[in-house]
Structure formats: structure tokens, C-alpha cells
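Note sheet for the following structure.
Both ligands and their constituent atoms are indexed starting at 1 by order of listing. Treat the numbers as computed from the prediction; the structure is a model and nothing was measured.
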Amino acid sequence: MHRSIHVIIGAISGLFFASKFYLIPLCLIMGSVGGYVPDFDLGFGHRKSLHNLFSVLVGTIGLYLLLNLFPLSLLHDDVWSLTLSFTAGWLLHIFCDSLTKRGVFVFWPFSNRAYGLRIFRSDSLASTATGFIIAFILLLAWLICSGALELLIKYL
Ligand SMILES: [Zn+2]
């Protein structure tokens, strides 16, 4: 799956954690970063080093601690929203990669076995189409859950 699709899916997943209106852009950014980060392992143990639950846990705790150190007191009430946006983007990246033929080493370093549904190749049209479908479903779900769709329809 193309990296830009991971970023789009991550950004949309971040929306679910925007508990306040002003958090929407911040959660979009944190979710997209979370969707981008796993492929930093391209040069070292791709689909292993940053495509596993252990790295997600370490990344989540690390980001939570880092955001708590952030000098702006403005962020302190929103650390969980921002952290979980990031984590959701990362987890969805791993899920989407698990749909590809190669799978992901989701339990690495505790297991050296790749898991996944392994439906299509990562660079295939089916992979891209599935990514956009997942993004669309997530966006629609967020629009419905947040009440934004109702507002949109009301003002159209
Ligand atoms: Zn990946």
C-alpha cells in the first residue's frame, strides 16, 4: 500500500480522538504521522522493526511522556487525544499492511513469523483501491459519529 494512503487513513483515524473542535487539525496531524512512522523501518528489518505491537506500545508510551513534557500547558488536557490519534494511525498502517501478500511481523521480537490476510500485493491496484475504501469508510463513520454529516446536510 502506498505511503500516502497510510497517511490519509492515519489522518482520518485521528479524527475519532478529536474530543474538542480545536483538536481536529492536531489529531489529523498526529494520526497522519502515526500512519507514516512504521515505514521508517524500510532500511532495517522492514515489516518487523516498526510493524509490531511491541513498537506501537513503546511509541505510544514515549509520545505520551514526550507530550507531557511539552512546555505549553495548553496541551496537557489533550495529551491522550493526541497520543491515541498517533497510535490509531500506526495500528491502521499495520492492519493495512497485513492485507498484503508479505504480511507483517506483528508479534516481533517475540515471534519471527509474518501474519496477515495476505490478499493482494502491496503495489497492486487492489491494494490502492482497498486503501481508499478503508479511508472512505472511516471518514463516513467519523462524519456520522461526530454529527458532522448531519450538520453538513442541514446547511446544504
Ligand atoms: Zn508499512
Please tabulate, for side-chain N and O atoms in residues 52-59, each donor-acceptor pair with protein atoms closer than 3.5 Å (sequence neighbours left out).
| from | atom 1 | to | atom 2 | distance (Å) |
| --- | --- | --- | --- | --- |
| Asn52 | OD1 | Phe54 | N | 3.0 |
| Asn52 | OD1 | Ser55 | N | 2.6 |
| Asn52 | OD1 | Ser55 | OG | 3.4 |
| Asn52 | ND2 | Lys48 | O | 2.5 |
| Asn52 | ND2 | Ser49 | O | 3.1 |
| Ser55 | OG | Asn52 | O | 2.9 |

For residues 129-149, dump all side-chain donor-acceptor pairs below 3.5 Å to protein atoms at least two apart in sequence or in another chain.
| from | atom 1 | to | atom 2 | distance (Å) |
| --- | --- | --- | --- | --- |
| Thr130 | OG1 | Ala126 | O | 2.7 |
| Trp142 | NE1 | Leu15 | O | 3.1 |
| Ser146 | OG | Trp142 | O | 2.7 |
| Ser146 | OG | Ala148 | N | 3.2 |

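Of the charged side-chain nitrogens involved, none lies within less than 4.0 Å of a carboxylate oxygen, so that Arg47 and Asp41 do not count as a salt-bridged pair.
Cation-pi geometry between Arg113 and Phe105 is not met at under 6.0 angstrom from the ring centre and within 45 degrees of the axis.
For a distance threshold of 2.8 Å, the protein N, O or S atoms nearer than that to the Zn ion (ligand 1), listed by chain and number, are Asp39 OD1, His51 NE2, His93 NE2, Asp97 OD2.
Counting only residues at least two apart or on different chains, no side chain to side chain donor-acceptor pair (under 3.5 Å) pair has a member in residues 147-156.
Within a 6.0 Å radius of CG in Leu152, other residues, nucleotides and ligands contribute more than 12 heavy atoms.
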